[in-house]
Amino acid sequence: MTGKKLSANFYQRADVVQISKDLLGKVLCTNFKGQPLASGIITETEAYCGRSDKACHANNGLRTKRTEVMYQAGGAAYVYLCYGIHHLFNVVTNVKDKADAILIRSIKPLDGADTILSRRQTDNLSPKVTAGPGRLTKALDITTNHTGIDLTADTIWIEDRKIGYRAEQIASSPRIGVDYAGEDAKRPWRFYVKESEWVST
DNA sequence: CATTTGATGTTCT
DNA sequence: GAACATCAAATGC
């Protein structure tokens with residue numbers, strides 16, 4: 001039940017692609033004040049690199065109010081509102097002033113499944129509940145209010161419960177929904193668990 | 001089944 | 001004013 005919380009030096013490594021793969025099989029937990037703990041196994045991620053990736057909001061050193069948090073040292077949360085409706089949860093990685101981030105696209109519910117179901121207004125536990133970046137944030141009640149918070153603190157964090165996947169269970173593909181990024185859209189920086197149904201389509 | 005479309009709000013031009 | 005790291009419901013086979 002208890003896992004080992006990932007520490008800042010996990011997030012502050014330089015290779016965002018490697019960290020994306022390492023996150024598969026880790027457990028994303030939320031413990032908001034007055035609410036039951038909810039968690040899920042990470043089954044799908046995407047890497048974004050701020051220095052040479054047009055798909056990243058902080059591409060080419062672009063520094064705005066929205067992307068500022070990505071320039072923090074690794075271990076912070078970056079929550080972005082997409083299409084006016086969906087909150088997308090990202091993990092900031094690398095050291096200060098290197099704007100890398102990892103989008104968490106999908107999880108498999110672990111603790112607090114009933115809480116997750118009530119937030120999603122359904123009683124049918126299927127991949128539709130938490131598979132997809134906009135869905136998992138709703139399931140865990142993550143909003144843009146949480147952007148910039150410390151993932152080594154006790155509100156939102158990621159822990160290692162030794163679930164880890166083997167290399168041959170992990171597949172990669174181009175990222176989803178970033179066709180506007182030209183050549184960079186083809187980078188195989190989406191990683192997911194092959195055998196799992198808990199991934200977005 | 002597959003494909004289309006409307007909802008919705010923040011950011012940047 | 002356009003674009004956008006999406007989802008779910010509605011339509012057309």
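Only this structure's heavy atoms are used, side chains among them; waters, hydrogens and symmetry mates stay out. Predicted model, so just to flag it, every value in this text is computed and none were measured. Letters A, B, ... are given to chains in the order of the sequence lines, protein chains preceding strands, and every chain is numbered from 1.
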### Query
Below 3.5 Å, does any donor atom in the side chain of A/His86 face an acceptor in the base of C/dA5, or the other way round?
no
### Close side-chain approach of A/Ile41 and A/Trp198, heavy atoms under 4.5 Å
no
### Interatomic distance where CE belongs to A/Met70 and C1' belongs to B/dT11 [whole Å]
13 Å
### Task
Can you tell me the distance, in whole Å, between the NZ atom of A/Lys65 and the C1' atom of B/dT10?
11 Å
### Message
Salt bridge check, A/Lys186 against A/Asp184: does any charged N sit closer than 4.0 Å to a carboxylate O?
### Response
no
#### Entry: Length of the OH-P vector between A/Tyr83 and B/dT11, whole Å
16 Å
### Task
Using a 4.5 Å cut-off on heavy atoms from C-beta on, say whether the side chain of A/Arg63 contacts that of A/Glu68.
yes
### Query
With centres under 5.5 Å and planes under 30° as the test, does A/Tyr48 stack with C/dA5?
yes
### Query
Quick one: is C/dA5 close enough that its OP1 or OP2 comes under 4.0 Å of any side-chain N or O from A/Tyr80?
yes
#### Entry: A/Asp97 bridged to A/Arg51 by N-O distance under 4.0 Å
no
### Query
When the distance from CG of A/Leu81 to P of B/dC12 is rounded to whole Å, what number comes out?
13 Å
### Query
Which whole-number value in Å describes the distance from A/Asn90 CG to C/dA5 C1'?
8 Å
### Distance, rounded to the nearest Å, where A/Lys54 contributes NZ and C/dC4 contributes P
13 Å
### Query
Just how far, in rounded Å, is C1' of B/dT8 from NE2 of A/His87?
11 Å
### Query
Side chains of A/Arg120 and A/Thr130: does their closest heavy-atom pair fall under 4.5 Å?
no
### Message
Would A/Arg13 and A/Tyr11 count as a cation-pi pair here, with the cationic atom under 6.0 angstrom from the ring centre and within 45° of the axis?
### Response
no
### Message
Does a side-chain N or O of A/His57 approach OP1 or OP2 of C/dA5 to a distance below 4.0 Å, or not?
### Response
yes
### Query
Starting at CG of A/Asn59 and ending at P of B/dT11, how long is that distance when rounded to a whole Å?
19 Å
### Query
Taking A/Glu44 as the fixed residue, which of A/Arg175, A/Arg190, A/Lys21, A/Lys108 is the one that meets the salt bridge (Lys or Arg N to Asp or Glu O under 4.0 Å) rule?
A/Arg190
### Task
Can you label the angle between the A/Tyr78 ring and the A/His57 ring as parallel, tilted or perpendicular, going by 30° and 60°?
perpendicular
### Query
Would you say C/dA5 has OP1 or OP2 under 4.0 Å from some side-chain N or O of A/Tyr180?
yes
### Query
Can you find a heavy atom in the side chain of A/Leu151 that is under 4.5 Å from one in the side chain of A/Ile156?
yes
### Query
In terms of side-chain heavy atoms of A/Arg66, which of C/dC7, C/dA5, B/dT11 is nearest?
B/dT11
### Query
Listed in order of residue number, which residues of residues 113-133 of chain A have a non-hydrogen atom at under 4.0 Å from DNA chain C?
A/Arg120, A/Gly132, A/Pro133
### Query
Base, sugar-phosphate alone, or nothing: which one does A/Ile85 contact when heavy atoms must sit under 4.0 Å apart?
base
### Summary
One should report the stems of DNA chain B, each a stretch of at least three consecutive Watson-Crick or G-U pairs at distances under 3.5 Å, as B:1-7 with C:6-12, B:9-12 with C:1-4
### Message
Counting only side-chain nitrogens and oxygens, does A/Ser200 get under 4.0 Å of the OP1 or OP2 atom of C/dT6?
### Response
no
### Query
Is A/Arg190 near enough to C/dA5 that one of its side-chain N or O atoms lies under 4.0 angstrom from OP1 or OP2?
no
### Query
Base, sugar-phosphate alone, or nothing: which one does A/Arg175 contact when heavy atoms must sit under 4.0 Å apart?
nothing
### Message
Between A/His86 and A/Pro133, is there a side-chain heavy-atom distance shorter than 4.5 Å?
### Response
no
